[in-house]
Amino acid sequence: MQSGVLVIIPAFHEAESLPALLPRIAAALPDADVLVIDDGSRDSTSAVARAGGARVARHPINLGYGAAIQTGYRYATRHGYRAVLQIDADGQHDPASLGDLLRTLDEGWDLVLGSRFLSGARSYRAPWVRRLGMRFFGAVSSAVLGRRITDPTTGFQALGASLVRYYAEGRFFPPDYPDADVLIRVGKAGFRVTEIPVTMYEKDGPSMHSGLRPIYYVMKMVLSILLVLTLSPPARLREKG
Amino acid sequence: MTLEARLFVAGLGIALLVVILRALRTHRLRYEYSLLWILLGAGLIVLAALQPTADAIARWVGIDYPPAFYLLLCLFVILLLLFHLSLKLSVLGDQMKDLAQQIAIITAESGSAAPEVGRSSKPGTGDGPATAPVGGEPA
């Protein structure tokens, strides 16, 4: 009998970080199944993940972070998991916080965000452009959700089955980076969202917010949020009970 | 516009239509993509045939120099074509994403390695056989 909990790890060229990460996840949640979504890596990410005891869903081509986690949601929906925990493969997220995320989810929330910025959270300092964006879009999401959201871009999350299905089936789910716009949509659809403090470490390597990306990011987010706000609430896919 | 110029424009329109129809006949172009192109070719022929009327329309919309009006019309049709292609690209991108996700899920369920697109013959890429137990769904 499985726990009904699936940990999904989107991974692109993470053969070096996975061997350290997978045992820590197994230690934190021994009963959970682990699915690594290899987003078309050209290194040995898939083999390393399998060797570490994880199941591997491998995209034959690189699709993007959002598409990778959506593959995880689709897998979870097909297999009837009651909860999905989502953690990045690069070691930025501390698996020790997985238990807290799951416990909070079990208190009756649909989405629990692991925040770097809530009091109690440690060890993370983002580049200023990213910080500014997160601050602004966090404020917009907080206003719409009626609840303070400090870290709308976090990839460290716990999701209940009905939200997982909503994401798995939604044409709105972006293939690149789900962000405050998705959060706002989720809030408008009536899902219950909360945040808890988690431990996060600064990422090494190139940021996704370098070059012209910040300009594209801000434009996309503004447009997307405006569109989401003008839409009528999307059909709720929640299950009874 | 002189008679020669009108014949030249009509000739361009006819040549465009011939190219489109040949591509359709040989199934190198789908019908759904051909309609806007046919509209463009036919538009050139109509413009050549009814040039005085087109000139009158140009002045009616407030453009004193009719060739500028023709260029504007052509530009509009071309932008329409580009937008049509962007729509099709978005659909194709979504379909490709769905397919790749489906392949990934099926391979995860079967425990086999997904095909490596464009490099299937390259050995030693790290995708060996499954070494960990796969399967076992939650009840």
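These values consider heavy atoms only, across backbone and side chains, with no hydrogens, waters or symmetry-generated copies. Residue numbers begin at 1 in each chain, while the letters A, B, ... track the order of the sequences.
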**Student:** Does the side chain of Gln70(A) come within less than 4.5 Å of Lys97(B)'s, by heavy atoms?
**Tutor:**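 The answer is yes; the side chains approach within 4.5 Å.
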**Student:** Could you tell me whether the side chain of Gln101(B) and the main chain of Ala67(A) form a donor-acceptor pair under 3.5 Å?
**Tutor:**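 Yes, the answer is positive, given that a donor and an acceptor are paired below the 3.5 Å cut-off.
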**Student:** Arg74(A) vs Gln102(B), test: side chain to side chain contact (heavy atoms under 4.5 Å, CB included). Steps then yes/no.
**Tutor:** CA-CA 9 Å; Arg74(A) 290 183 168 178; Gln102(B) 198 66 30; 5.7 Å; no
**Student:** When rounded to the nearest 0.5 angstrom, what is the spacing between CD1 in Ile106(B) and CZ in Arg78(A)?
**Tutor:**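 Going from CD1 on Ile106(B) over to CZ on Arg78(A), the span is 6.0 Å.
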**Student:** Dump the intermediate steps for side chain to side chain contact (heavy atoms under 4.5 Å, CB included) on Asp94(B) and Arg171(A), then the final yes or no.
**Tutor:** CA-CA 9 Å; Asp94(B) 280 349; Arg171(A) 302 278 347 149; 3.2 Å; yes
**Student:** Within the 4.5 Å heavy-atom criterion, are Ile61(A) and Met96(B) side-chain neighbours or not?
**Tutor:**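 Side chain of Ile61(A) against side chain of Met96(B), heavy atoms only: contact under 4.5 Å found.
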**Student:** Where does Phe173(A) contact chain B at under 4.5 Å (heavy atoms): side chain, backbone, both or neither?
**Tutor:**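 Contact with chain B involves the backbone of Phe173(A) alone.
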**Student:** Quick check: do Arg58(A) and Ile105(B) have side-chain heavy atoms less than 4.5 Å from each other?
**Tutor:**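 When only atoms from C-beta onward are counted, Ile105(B) and Arg58(A) do not touch, as no gap falls below 4.5 Å.
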**Student:** State, to 0.1 Å, how close Ala100(B) and Pro60(A) come at their nearest heavy-atom pair, and which atoms those are.
**Tutor:**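 Between these two residues, the closest heavy atoms are O-CD, 3.7 Å.
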**Student:** Which atom names give the shortest non-hydrogen contact between Leu35(A) and Ala108(B), and what distance separates them?
**Tutor:**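 The answer is CD1-CB, 4.2 Å.
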